[in-house]
Each structure stands twice: as C-alpha cells, then as structure tokens.
Amino acid sequence: MKFGIIQFPGSNCEKDCLHVTQEVLGLETHLFDYRENPNFGRLINYLIIPGGFSFGDYLRPGAIAKAANIMTSIKDFAKYGGFILGICNGFQILTEANLLPGALINNLQNRFICQETNLQIVNTNTPFTNLYNADEIIKMPIAHACGNYYLSKTELKEVEDNEQIVFKYTSNINGSVANIAGVCNKQKNILGLMPHPERSCEKEIGSTDGLKLFQSLLKNSLLEV
Amino acid sequence: MNLILNTPLTELLAKHKITESEYELIINLIGRHPNEVELAMFGVMWSEHCAYKNSKPLLKQFPASSSKTKILAGQGENAGIIDCGDGLRVAFKIESHNRPTAIEPFQGATTGVGGILRDILTLGARPIAFLNSLHFGSTSDEHSYYLLTNAISGIAHYGNCTGIPTVGGQLICDESYTTNPLVNAMCVGVLETAEPITSGAAGIGNPILYVGSETGRDGLGGAAFASSGLNNKSTKNRPAVQVGDPFRGKLLIEACLEAFKTGFVVASQDMGAAGLTCACSEMSAKGEVGIDLDLSRVPTRGKLEPFEYLLSESQERMLLVAEKGKEQTLIEIFEKWNLPAVVVGEVTNTGLVRIFHEGQKIVELPPKALTDQAPIYNRVAVAPKKQINILSESDLPADKEKIERKLLDKLSSPEGLSREWIYKQFDQQVQLNTLISPGKGDSAMLKLSKNSLKGLAVVLDCNPFYVKIDPFLGAQIAVAEAARNIASTGAQALAVTDNLNFGNPEEPEAFWYLQSAVKGIIEACTQLDLPVVSGNVSLYNQFLKPDGTSKGEILPTPVIGMIGLIENYQMALQIAFREVGDTIWLVGETFNETDCPRLDWNKEKALHSFLQENAQNGSIRSCHDLSEGGLLMALAESVLISDFGAEINLEKPPDLKLYALLFGESQSRAIVTTAHNLELKPIDNLKVYKIGSVIDESKLKVCLGAEKEIINLSKDLLKEMNSSNL
C-alpha cells in the first residue's frame with residue numbers, strides 16, 4: 001500500500017500528510033513534484049493533494065495549479081479509478097480541475113477561519129468513510145479563507161441524488177451551501193474536503209477522528225503496488 | 001567620489017537624517033567626504049533601527065548568560081539560539097513593524113512577519129511558530145479599527161500562506177496608540193543545519209549570491225523612516241512601506257533550507273532593514289573581510305538608480321556567501337524553487353565594501369564605519385514630576401448584583417474580551433506541532449520534533465499600564481508574568497527576547513521610561529536567571545494630534561517574548577478543568593491591592609517551582625495564572641474554556657478589601673485543580689488555599705463566607721458577554 005502526495009509551489013501541508021501516512025500509518029509514501037508526469041496507477045494506491053496556497057492562491061485558489069503538468073497524470077489516475085483525496089487547497093484544485101462538482105468561494109465572513117469543527121458523516125458508503133458510523137459526529141479543524149462551498153440548486157439536487165455529499169458541518173460555519181464540508185465524485189473514488197483530517201490523527205495535538213478516513217481508504221485498493 | 005555639490009550640504013544631511021556632528025564623524029572615519037550614495041548608506045545604517053544609537057548603552061547591560069540555559073547564539077546575532085538538548089536547537093527573536101503599520105496596516109504587518117521569519121531562516125532554522133503583540137487605539141475608534149483589522153489580516157496572510165502556525169499573542173487597546181499602533185512579531189524556529197549559519201562573510205574569492213525576489217523601489221529608506229517620528233505627512237511615506245509576498249516567502253524557506261543543508265553556504269544574511277546596504281556591510285564587518293558587489297547583476301523590477309538598489313527594502317531576498325565552485329549547485333536549488341539566484345560579487349581581502357554599477361565604482365567604505373562605529377548617544381533621563389495612578393479602583397460592597405455586574409463588565413471590556421476573533425484568523429495547527437493552541441493555556445506549547453516528548457512553551461506579554469505607573473516595576477512584572485505563563489504549563493523558562501517600544505529618546509522623561517524599564521528587565525532576568533538573547537528597539541513612538549504635533553508618548557511598552565521547556569509534554573498543564581469533583585485551589589497570597597500591584601521575587605519564584613514540580617509529578621491537573629481582573633476573571637476564563645463549572649467558597653480576611661480579593665491583581669498567584677482527594681502543601685513563600693470544586697453544571701458560583709452567594713452566573717451568559725462582535 002503506497003501513498004503519493006503532490007507538491008505544488010506553495011503547498012504547505014504536504015509534510016503533515018507525509019507524517020501521517022508514513023509515521024502514523026507506517027506506509028510508504030512518495031512526494032511528487034508538480035512538473036512531473038508520472039503514471040500513478042503503476043506507482044501508488046492513493047493520492048493526496050494537500051492543503052496550502054499553491055502558486056500563492058494567485059488569481060483564485062487552485063486556478064493555476066489546475067494547469068500544472070501533473071494534472072494530466074492526476075486526471076488519468078482518476079479515470080482509472082485511483083483514489084484521490086483533496087484536502088483544503090487540494091479540494092479547491094479538484095473543483096477547479098472539474099474532477100469534483102461545485103466551487104469554493106470566499107468565506108461568508110470574508111476572513112480566514114481556523115477552528116475545530118463538528119462534522120456529520122453523511123455517507124459511510126464511500127471508500128473514504130466506510131469505517132465511520134452513519135451520522136456519526138466527528139471533530140476536525142478547518143483553516144481556510146476560501147472554503148465556502150457553492151453549488152447551484154440543480155447541482156445540489158444532483159449531488160444529493162447521487163449520494164456525493166460525504167461530510168457536513170453541524171452548523172453553518174463559512175456560508176457553504178447545505179453546510180457541505182466534503183464531497184466526492186459520482187464514482188466515489190475522489191474526495192475533496194475543507195477540514196484537515198491529517199490534523200486529527202494524534203491525540204496530543206487534537207482529536208483522532210481523522211484517522212478512520214485514512215484507515216477506511218486502506219480497505220480499498222485497486223491493485224498491489 | 002566627492003559629495004555632489006549641487007545640493008546644499010544641510011539639505012542633503014536633512015534628507016538622509018544625518019546630523020552635522022555625525023557628518024564630521026563620517027569624515028573622520030573614512031578620511032574624506034562621502035558621496036551622496038555613501039551618505040545615504042550612512043543615513044540608513046546609522047538609524048536607530050539599524051544602529052541602536054540611542055539604546056545601545058542600555059542594551060549591553062542585559063544579562064547575556066545564565067546557568068540553566070545553553071546559549072548557542074546571543075545578542076548581536078540575527079536571533080538567539082538555545083540548545084534544548086537531544087540536538088534540538090531553538091532560534092527565536094521579536095521585531096517591531098510599528099511605523100509601516102501606522103500608514104499601511106496590511107502590508108506593514110505582513111512584512112513585519114516576513115522580516116522576522118527571515119531573521120530565523122537565515123540561521124538555518126525552519127520557522128515553527130509566530131506570536132504577535134498588538135497595541136492599538138480603541139476599537140470603537142473607526143481609524144483604529146481599520147488599522148487593527150487590517151494588521152491582523154496582514155499577519156494572518158503571511159503566517160497562513162507560509163505554513164507557519166501563529167500560536168499566541170496579545171492585544172492591548174489604549175488611546176495613546178491611536179496614531180502609532182504597535183505590531184511586534186516573534187518567530188520561533190528549529191535549526192535544521194548541523195551548525196548555525198553565520199552572517200560573517202569568509203573565504204577570499206568566494207562568490208556572493210543574491211537569492212530571492214527581484215529588487216524594486218518598495219520600502220526605499222524604510223529603516224530611516226522607522227527611526228523617525230510620524231507626523232501628519234507620514235502617509236507620503238507609503239512608498240517606504242515594503243510589500244510582502246508570502247508565496248515567495250514560502251519558496252525562500254524551502255530553497256534556503258535545502259541550500260544550507262548542502263554545506264556549501266559559508267554565510268547568510270537576510271535583506272531586511274536597509275536591504276542590500278545592511279546585508280553587505282554587516283556580512284563584511286562581521287567576517288572582517290572585504291566585499292565587492294556589482295549592482296548591474298542584481299535582478300530588478302524596472303530600472304533602478306544606484307541608491308535605489310542600495311536602499312530598497314524589497315522583501316523575500318537574501319545574500320549568501322557560497323563556497324567557491326559550488327555556486328552552480330546552489331543556483332540550481334533556487335531555480336528549482338522558481339527563485340532568482342545570481343552571483344553578484346565576491347569576498348575580497350580589501351577589508352572594504354566596494355560597490356560597482358555599470359563598471360564604475362560608486363561606493364568604497366570600511367564596513368565597520370557603517371556598523372560598529374556608528375555614533376552612540378547617552379541620552380539624559382529625568383523622572384517625570386507627577387506620577388499618575390491610572391489603575392486605582394474603589395472598593396466594592398458585598399452585593400451580589402454589583403459584583404456580578406462588575407465581573408460581566410470586565411469580561412466584556414476591551415481588555416477582558418475573548419481574543420478568539422483574532423486568533424481564529426491564524427492557522428494554529430499547520431506543521432502538526434501545536435500542543436497548546438491559543439486560549440487553551442497561559443502560554444502556547446509546541447512539539448520540537450515528531451520524535452521527542454520535549455515541549456516548547458512560548459509566550460509574549462506586556463502590561464503597559466503597569467509600566468506607565470512605574471516602569472522599573474512594570475517591566476519586572478512583564479518578565480515575571482511571561483515566566484509565570486510558562487510555569488503555568490509546567491515548563492521552565494529558558495530565555496528572553498524583548499521589544500522596547502518607547503517614545504522620543506531625546507525627551508528626558510521618555511528616555512527615563514526606557515532606561516527604567518530596561519533596568520526592570522535586567523532585575524527580573526537576574527532574579528529568574530534568564531538571559532536576554534535577542535531583541536529589538538522601536539523609539540520615537542508618539543501620539544499625534546490631528547495637526548501632526550505630538551500629544552505625548554505612547555504607553556511605554558517593553559514587550560517580553562519568552563521560551564521555556566518541559567521535558568515531557570504529556571505532563572503539560574492547560575487552563576480547562578479536567579474532571580468533575582476536582583478541587584480548585586488558589587495558590588499565592590492576595591494583598592490589599594486595588595491598583596498597580598507589587599512584586600515579591602521570592603513569592604514569584606516559589607510559585608514557578610511549585611507549578612513546575614506539581615505538574616511534573618502529576619498532582620496538578622489544570623492551571624491558570626491570575627493577571628488582569630484577578631481571581632474572578634481567572635475563574636470565569638477557566639469556566640469558559642471548560643466543559644464544566646465551578647463552585648467557589650471564599651474567606652475574606654477582615655482587613656482585605658473585597659475588591660482586592662475578587663478583582664485585585666496581586667502578583668505571583670494561580671488557580672490550579674487537583675483530584676478531590678489530593679492535598680496540596682504550602683511551601684516556603686507560598687500559601688495555598690482550597691477554594692472550591694469543579695461541578696457538573698455549566699456555571700460559576702461564588703460564595704463569600706459560609707453561604708453568602710455573590711456570583712451565580714451561567715456559562716452561556718459569561719460566554720455571551722465575553723464574545724467579541726469584531
């Protein structure tokens with residue numbers, strides 16, 4: 001079981017994710033530079049697009065990253081059914097690249113918000129959440145200025161009908177439509193969420209509620225690499 | 001090379017803020033008249049900001065060593081470095097960005113954070129935390145509100161984007177800061193190189209690398225601007241405010257650390273105040289070698305005049321001395337991180353800083369003339385005739401309604417309001433080291449390594465109101481309280497960095513405040529056996545009238561930054577109560593104090609060892625020190641952060657004023673909790689009182705004597721009053 005983590009210029013959670021996959025979970029993990037063009041399907045089982053400010057968030061968060069070389073490899077991996085987890089800026093990149101529905105706009109408060117949030121697990125029938133209990137409330141911190149998730153009414157109905165909503169905040173924390181904190185694609189192999197699961201894997205620095213997300217993933221693998 | 005004579009000398013001197021006698025000194029030092037470019041370099045290098053010419057005689061009295069702290073780098077270096085054992089070496093320093101914030105708060109605060117970051121980075125350390133001390137006018141004043149909220153956004157912008165958590169700080173609001181707010185930022189880093197990278201250039205023939213952002217016209221003469229008073233034309237100085245780019249800042253961190261780890265970097269200096277001028281003269285002076293620099297090779301944004309290259313304070317730039325022959329390896333590292341890296345000069349045996357532009361030598365100066373030989377002024381100190389007691393409070397009747405009102409007023413006052421609205425804007429957890437985040441402990445705590453149980457306590461503190469009343473005492477209290485904040489987590493204080501924010505040193509009364517506060521810091525550090533390993537001075541801070549004339553000085557504000565260590569962070573203490581039924585204790589004595597409190601060092605030190613020892617042996621389960629608002633404020637804050645409530649029974653000695661008991665700010669006190677069956681024993685100089693217990697109801701209940709209830713307030717109401725709508 002191998003993890004891959006993408007490093008864009010301005011990513012700042014790649015080392016945190018690496019710590020969790022490598023040290024906490026004990027799994028082999030590779031960092032990939034945004035200029036590379038790897039065949040992920042042959043190299044790794046799971047891919048993380050970490051948080052941070054890729055390319056300084058200039059233009060819009062994720063707007064420049066989506067044009068990076070490595071996005072071709074990411075899209076191929078997605079098509080192939082590879083598991084992709086986008087956290088915070090990673091989520092923003094995935095929506096910009098149209099690998100996930102919706103868009104992330106400025107928080108309602110027009111400020112950066114960093115705080116612990118309560119999340120409701122809306123869908124346990126995904127590769128990312130199969131170890132959680134239905135409607136379980138978990139704690140995970142958020143840290144973003146641009147996490148206000150927007151979907152049109154039609155799109156909302158569509159993601160609801162396809163059971164793509166994975167996490168919801170228990171209160172409206174940043175203006176997100178239907179309190180959505182995380183969504184997956186129709187095929188359920190790509191998850192994007194604004195809260196930071198990698199920050200909730202060790203008791204001494206917070207909750208350990210994020211661990212089950214990574215552990216759920218380990219139960220799903222396309223092939224041995 | 002002679003002075004350009006088409007501008008009268010007096011005008012030139014005024015432009016570069018050099019006095020006539022300083023000009024005489026320059027001629028003596030270099031044996032000729034300087035040309036205008038050289039004069040401009042003296043102007044910035046001899047500013048208070050770079051040369052500490054008004055404060056050096058005071059600063060050199062700070063204790064530089066301690067029996068309990070292993071110092072790897074101290075005063076005079078880019079930052080202090082402390083050896084925390086197990087190969088963990090911590091660099092930390094504080095810096096101010098007051099003047100820029102006054103006229104352009106977002107960029108002013110942003111670049112303040114960026115500047116202190118590079119002071120830490122340049123040593124070979126990865127920045128792991130920021131703290132900030134903010135002093136602004138009243139938030140009900142529209143302009144102060146604009147300045148404060150934009151400064152906070154600026155601080156958040158740089159820290160969040162570079163992926164460095166901001167874990168602590170303070171906000172003090174007072175009218176005197178209205179036109180001259182203070183933004184002091186502290187950065188803490190952990191060394192990643194085998195040895196600290198020095199700033200002294202070495203190795204004749206070694207190439208000098210310019211790395212980072214291109215040089216532009218921003219921040220021209222910022223150091224000189226920062227060393228003069230503001231006036232109503234100061235907004236004209238907006239171009240003297242630098243523009244920060246935290247994206248580039250983040251790339252610079254990664255690129256520099258990677259470059260440093262090759263072992264091919266001989267010396268490194270960030271370009272902060274006075275930019276290229278300061279970096280090359282300090283590297284040359286410290287290394288006692290010459291430096292030749294060719295401005296034509298410096299990457300720029302647009303065409304610049306020679307003096308603009310030399311005075312620009314464009315951000316995210318560093319100057320490195322590379323090992324000869326290895327420069328290409330380093331350049332490739334920076335290019336990988338999309339940062340320009342260019343050889344712009346070399347180390348020479350001339351002992352001179354020589355600067356060339358388009359083939360012409362435009363500067364030739366002995367570097368020490370710019371640095372170590374800057375003039376020093378022993379200013380006159382005169383104590384003010386009239387001391388104003390700005391904190392005096394009248395006593396309270398034992399009336400429930402009045403006492404509850406008083407507590408709620410304090411909780412909702414600008415001083416008492418929760419700071420959550422501020423620290424919520426800062427990423428507090430990135431890097432996964434934050435053990436105690438803002439608001440949860442009296443100081444923040446960080447892991448120093450993923451493989452170590454050592455916890456680093458960090459705090460910034462200053463109560464300028466005490467300093468205004470009595471600077472010698474107030475400064476001691478600032479140090480004592482910072483150390484108490486650290487002890488309240490169970491950690492032991494190790495070292496100090498200070499930021500002295502004061503008024504015009506040429507005014508004897510203002511200088512007296514500075515001098516007395518420095519004496520206070522020295523006394524406190526001597527008492528606690530703490531070294532001052534780095535620091536910063538910001539003078540000429542004044543409260544201006546609308547017409548631009550001075551209305552007086554700011555509150556004297558010696559901000560104290562401190563680090564401390566706990567060997568096992570699993571034993572660290574936080575504020576929140578842990579279990580229902582636990583006993584609540586008041587540790588320390590309460591005096592009849594309704595104004596500025598006194599300080600008894602024996603009691604203070606006894607409290608610190610009591611807390612450290614009982615944290616270590618696990619007797620104490622939570623701790624919150626008593627500070628502004630005294631006992632009731634500390635209890636209310638503890639209830640606010642806990643899942644439980646508190647029921648308290650107080651005994652009032654007949655001669656103690658009720659106000660002093662409930663809200664008095666007697667020093668050297670804390671409330672702690674223990675398991676219900678555990679008895680805490682007093683030690684020499686320290687009394688302990690069992691005052692109540694943790695209850696399963698979300699409220700604060702306080703009785704006086706056996707049954708007279710004086711407080712019964714729900715946590716919801718406390719929270720509502722304490723929450724800020726900002």
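Side chains are part of it too, since the values below use all heavy atoms of this structure and drop only hydrogens, waters and symmetry mates. Numbered from 1 within each chain, the chains take letters A, B, ... in sequence-line order. Only a predicted model underlies this, so the values are computations on that prediction, with no experimental measurement involved.
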ask   = When heavy-atom pairs shorter than 4.5 Å are enumerated against chain A, which of Pro246(B), Ala156(B), Gly163(B), Gly249(B) gives the highest number?
value = Gly163(B)
message = Can you confirm whether more than 12 heavy atoms, excluding those of Glu204(A), are under 6.0 Å from its CD atom?
response = yes
ask   = How close do Lys250(B) and Ser11(A) get, heavy atom to heavy atom, and via which atoms?
value = CE-O, 3.2 Å
ask   = Is it the backbone or the side chain of Glu254(B) that comes under 4.5 Å from a heavy atom of chain A, or both, or neither?
value = side chain
query = Which one of Gln428(B), His157(B), Met445(B), Gln570(B) has the most heavy-atom pairs closer than 4.5 Å to chain A?
reply = Gln428(B)
task = Anything under 30° is parallel, anything over 60° is perpendicular, the rest tilted; go ahead and classify Phe247(B) against Tyr58(A).
result = perpendicular
key: Arg419(B), CZ atom: more than 12 neighbouring heavy atoms under 6.0 Å   = yes
remark   = side chain to side chain contact (heavy atoms under 4.5 Å, CB included) filter on Leu573(B), not counting sequence neighbours, yields Ala615(B), Ile620(B), Cys623(B)
note = For Phe426(B) and Cys114(A), the nearest pair of non-hydrogen atoms, with its separation, is O-CB, 3.1 Å
ask   = Does any heavy atom of chain A fall under 4.5 Å from the side chain of Ser437(B), the backbone, both, or neither of them?
value = neither
message = Is the shortest side-chain heavy-atom distance between Glu202(A) and Lys447(B) below 4.5 Å?
response = yes
ask   = Which region of Pro9(A), side chain (C-beta onward) or backbone (N, CA, C, O), has a non-hydrogen atom less than 4.5 Å from a non-hydrogen atom of chain B, or is it both or neither?
value = both
inquiry  = Closer than 3.5 angstrom, by distance alone: can the side chain of Asn12(A) be matched with the main-chain N or O of Ile164(B) as a donor-acceptor pair?
reply    = no
query = For Gln109(A), is it the side chain, the backbone, both or neither that has a heavy atom under 4.5 Å from a heavy atom of chain B?
reply = neither
request  = Determine, stepwise, if the pair Asn433(B) / Ile205(A) fulfils side chain to side chain contact (heavy atoms under 4.5 Å, CB included).
outcome  = CA-CA 7 Å; Asn433(B) 293 322; Ile205(A) 56 163; over 6 Å; no
key: Choice from Thr149(B), Asp245(B), Ile436(B) maximising heavy atom contacts with chain A below 4.5 Å   = Asp245(B)
request  = Could you tell me whether a side-chain N or O of Arg248(B) sits under 3.5 Å from a main-chain N or O of Gly56(A), the two making a donor and an acceptor?
outcome  = no
Lys/Arg N to Asp/Glu carboxylate O, Lys450(B) vs Asp16(A), below 4.0 Å = no
query = For Glu116(A), which residues count as a side chain to side chain contact (heavy atoms under 4.5 Å, CB included) partner, sequence neighbours excluded?
reply = Lys139(A)
task = Please state whether the side chain, the backbone, both or neither of Gln115(A) comes within less than 4.5 Å of a heavy atom of chain B.
result = side chain
request  = Please flag which part of Ser153(B) lies under 4.5 Å from any non-hydrogen atom of chain A: side chain, backbone, both or neither.
outcome  = neither
ask   = If every non-hydrogen atom of Glu198(A) is compared with every non-hydrogen atom of Leu432(B), which pair is closest and at what distance?
value = O-CD2, 3.6 Å
key: Validation row: Arg35(A), Lys336(B) side chains within 4.5 angstrom (heavy atoms)   = yes
note = Between Leu251(B) and Gly10(A), the two heavy atoms sitting closest are CD2-N, 4.1 Å
request  = Rounded to the nearest 0.5 Å, what's the gap from NE2 on His196(A) to CG on Asp427(B)? Could you check?
outcome  = 6.5 Å
ask   = If you take all heavy atoms of Asn160(B) and Phe53(A), which pair is closest and at what distance?
value = O-CE1, 3.2 Å
Side chain proximity check, Val430(B) to Cys13(A), heavy atoms < 4.5 angstrom = yes
query = For Arg111(A), is it the side chain, the backbone, both, or neither that has a heavy atom closer than 4.5 Å to a heavy atom of chain B?
reply = side chain
